[in-house]
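Structure first, then comments.
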Amino acid sequence: MRVVRTRAELAGALAGRPGRRAVVMTMGALHDGHLSLVRAAREVADQVVVTIFVNPLQFGPTEDLERYPRDLEGDAAKLATVGADLVFAPSVDEVYPREPVVTVSAGLIGEVLEGEHRPGHLDGVLTVVCKLAHLVRPDVALFGQKDAQQLVAVRRMVADLDLDVQVLAVPTVREPDGLAMSSRNAYLDADQRATALVLSRALAAGATAAGRGADASTVAAAATEVLATEPGLELDYLALRDAELGELGAGYRGPALLLVAGRVGATRLIDNVVLDLGATTSEEH
Ligand code: PAF
């Protein structure tokens with residue numbers, strides 16, 4: 001496995017390599033969730049490129065850009081164990097040689113949910129995803145379901161801007177107690193980590209209600225009831241949306257996302273679960 005730092009080295013390492021190419025884009029501080037993306041990439045491609053880049057464009061002015069964990073050596077060691085072929089870990093100047101003037105807008109997708117709490121975040125994500133896709137030229141790009149809104153935005157960018165790349169979603173990887181894996185979990189002390197479990201417990205309650213055939217408001221109420229038990233969580237939102245983050249009409253049946261975001265201490269966490277609302281339950285047969 002090679003680690004390259006510049007566009008020129010990347011282009012050289014990619015030149016003349018035949019076969020299907022996958023990319024897994026990351027900001028480093030890799031955990032098992034990232035490694036599951038690489039393993040999934042290995043299954044669908046001949047060549048797996050992993051990018052590691054903490055993208056300043058997607059951080060707000062008061063966010064954790066400076067303290068975001070960085071460990072290229074540790075990340076490279078992990079990636080070597082799961083079959084990555086090439087790691088592209090550019091500097092900020094390499095990705096943005098000039099202050100970008102033209103950027104990608106997530107449009108309405110970037111204004112709701114995360115967008116209300118992190119204005120401009122998804123524009124920054126899409127801009128770097130678009131740039132990295134152009135530099136790596138993958139056939140397929142894999143993204144985690146954990147960042148559900150990011151996934152919806154990336155899919156929409158690919159469709160609306162006719163990017164020639166297939167997008168694959170990989171399920172969220174959880175700790176044994178349910179906490180969704182995230183590089184930001186490293187910020188949590190033991191008490192905060194215990195508090196953070198309320199997110200996955202709330203989603204599980206919503207999923208259980210949905211599994212029993214409950215309607216949207218009952219599903220949301222089941223999750224809200226669990227969230228209310230944990231005063232240590234400063235809730236940003238709990239939302240039940242359709243698969244493209246649209247509002248649910250009355251009596252909606254079909255695929256849905258139950259999304260939650262909030263702060264535990266200074267750490268902002270997000271999680272979600274994919275549901276099938278109004279699916280026929282066994283009692284209905
Ligand atoms: O999901 C992430 O880690 C980032 O948002 C991404 C897609 C690598 C863009 O910086």
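We use all heavy atoms of the structure for the numbers below, so side chains are in, but hydrogens, waters and symmetry mates are not. Source: prediction; values computed, not measured.
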Below 3.5 Å, can you tabulate the donor-acceptor pairs from side chains in residues 260-269 to any protein atom, sequence neighbours excluded?
unit_1 : atom_1 : unit_2 : atom_2 : d
Arg268 : NE     : Asp236 : OD2    : 2.7
Arg268 : NH1    : Glu114 : OE1    : 2.7
Arg268 : NH1    : Glu114 : OE2    : 3.3
Arg268 : NH2    : Glu114 : OE2    : 2.8
Arg268 : NH2    : Asp236 : OD2    : 3.2

Next item on the list: Go through the structure and list residues passing side-chain hydrogen bond (donor to acceptor under 3.5 Å, both in side chains) with Gln145, not counting sequence neighbours.
Entry: Asn272
Next item on the list: List in chain and number order the residues that pass side-chain hydrogen bond (donor to acceptor under 3.5 Å, both in side chains) with Arg39, two or more places apart in sequence or in another chain; answer none if no residue qualifies.
Entry: none
Check: [X] side chain, [Y] main-chain N or O, donor-acceptor pair, under 3.5 Å:
X      : Y      : answer
Glu43  : Val38  : no
Arg5   : Ala89  : yes
Thr127 : Asp123 : yes
Thr26  : Thr51  : yes
Asp189 : Gln192 : yes
Glu225 : Ala222 : no

Check whether [X] and [Y] end up in the same hydrophobic cluster, where Ile, Leu, Val, Met, Phe, Trp and Tyr are linked by side-chain heavy atoms less than 4.5 Å apart.
X      : Y      : value
Val49  : Leu135 : yes
Val167 : Val136 : yes
Val170 : Leu79  : yes
Leu235 : Leu258 : yes
Val226 : Val273 : yes

According to ring pair (Phe, Tyr, Trp, His ring centres under 6.0 Å), who are the partners of [X], at least two apart in sequence or on a separate chain?
X      : value
Tyr96  : none
Phe143 : none
Tyr187 : none
His31  : His34

Within the 4.5 Å heavy-atom criterion, are [X] and [Y] side-chain neighbours or not?
X      : Y     : value
Leu126 : Gln58 : no
Leu168 : Val44 : yes
Leu14  : Glu9  : no
Arg7   : Pro90 : no

Per-pair distances, 0.1 Å, donor-acceptor, side chain in residues 200-211, under 3.5 Å, sequence neighbours excluded:
unit_1 : atom_1 : unit_2 : atom_2 : d
Ser200 : OG     : Gly178 : O      : 3.3
Ser200 : OG     : Leu197 : O      : 3.2
Thr208 : OG1    : Ala204 : O      : 2.8

Of all heavy-atom pairs between [X] and [Y], which one has the smallest distance, and what is that distance?
X      : Y      : result
Leu37  : Gly144 : CD2-N, 3.7 Å
Leu248 : Asp242 : CD2-N, 3.2 Å
Ala256 : Leu240 : CB-CD1, 4.2 Å
Val50  : Ala84  : CG2-CB, 3.9 Å
Leu257 : Ala243 : CD1-O, 4.0 Å
Gly232 : Thr195 : C-CG2, 3.6 Å

Any pair counted as salt bridge (Lys or Arg N to Asp or Glu O under 4.0 Å), so long as it reaches [range], sequence neighbours left out:
range            : result
residues 20-36   : none
residues 150-167 : Arg156-Asp160
residues 67-96   : Arg42-Asp85

Item checked: Worked check of side chain to side chain contact (heavy atoms under 4.5 Å, CB included) between Lys146 and Met181 -> CA-CA 8 Å; Lys146 158 80 172 30; Met181 288 197 184; over 6 Å; no
Note to self: Can you confirm whether Leu108 is buried at CG, in the sense that more than 12 heavy atoms of other residues, nucleotides or ligands lie under 6.0 Å from that atom?
What the structure shows: no
Notebook entry, point to check: So with a 6.0 Å cut-off around CD of Glu63, is the heavy-atom count from everything else above 12?
Noted result: yes
Next item on the list: Walk me through it: do Leu132 and Val129 pass the test side chain to side chain contact (heavy atoms under 4.5 Å, CB included)?
Entry: CA-CA 5 Å; Leu132 291 171; Val129 167; 6.0 Å; no
How many angstroms lie between [atom1] in [X] and [atom2] in [Y], if you round to the nearest 0.5 Å?
X      : Y      : atom1 : atom2 : answer
Leu30  : Leu35  : CG    : CG    : 6.0 Å
Leu122 : Ser105 : CG    : OG    : 10.0 Å
Ser182 : Asp147 : OG    : CG    : 8.0 Å
Gln149 : Arg118 : CD    : CZ    : 10.5 Å
Met1   : Thr81  : CE    : OG1   : 9.0 Å

Checklist line | Given Leu227, Leu199, Leu259, the one that forms side-chain contact (heavy atoms from CB on, under 4.5 Å) with Leu238 | finding: Leu227
Notebook entry, point to check: With under 30° as parallel and over 60° as perpendicular, where do the rings of Phe59 and Tyr68 fit, or are they tilted in between?
Noted result: perpendicular
Next item on the list: Tell me, with the steps shown, if Val92 and Phe53 meet side chain to side chain contact (heavy atoms under 4.5 Å, CB included).
Entry: CA-CA 8 Å; Val92 172; Phe53 178 62; 4.0 Å; yes
Check: Which pairs count as side chain to side chain donor-acceptor pair (under 3.5 Å) when at least one residue sits in residues 128-139, sequence neighbours excluded?
Finding: none
Margin query: Set out, in order, the CA-CA distance, both residues' side-chain angles and the distance that settles side chain to side chain contact (heavy atoms under 4.5 Å, CB included) for Arg253 and Asp276, then state yes or no.
Written below: CA-CA 7 Å; Arg253 293 167 83 101; Asp276 190 4; over 6 Å; no
Next item on the list: Could you tell me whether Asp177 and Arg193 have a side-chain N and a carboxylate O separated by less than 4.0 Å?
Entry: yes
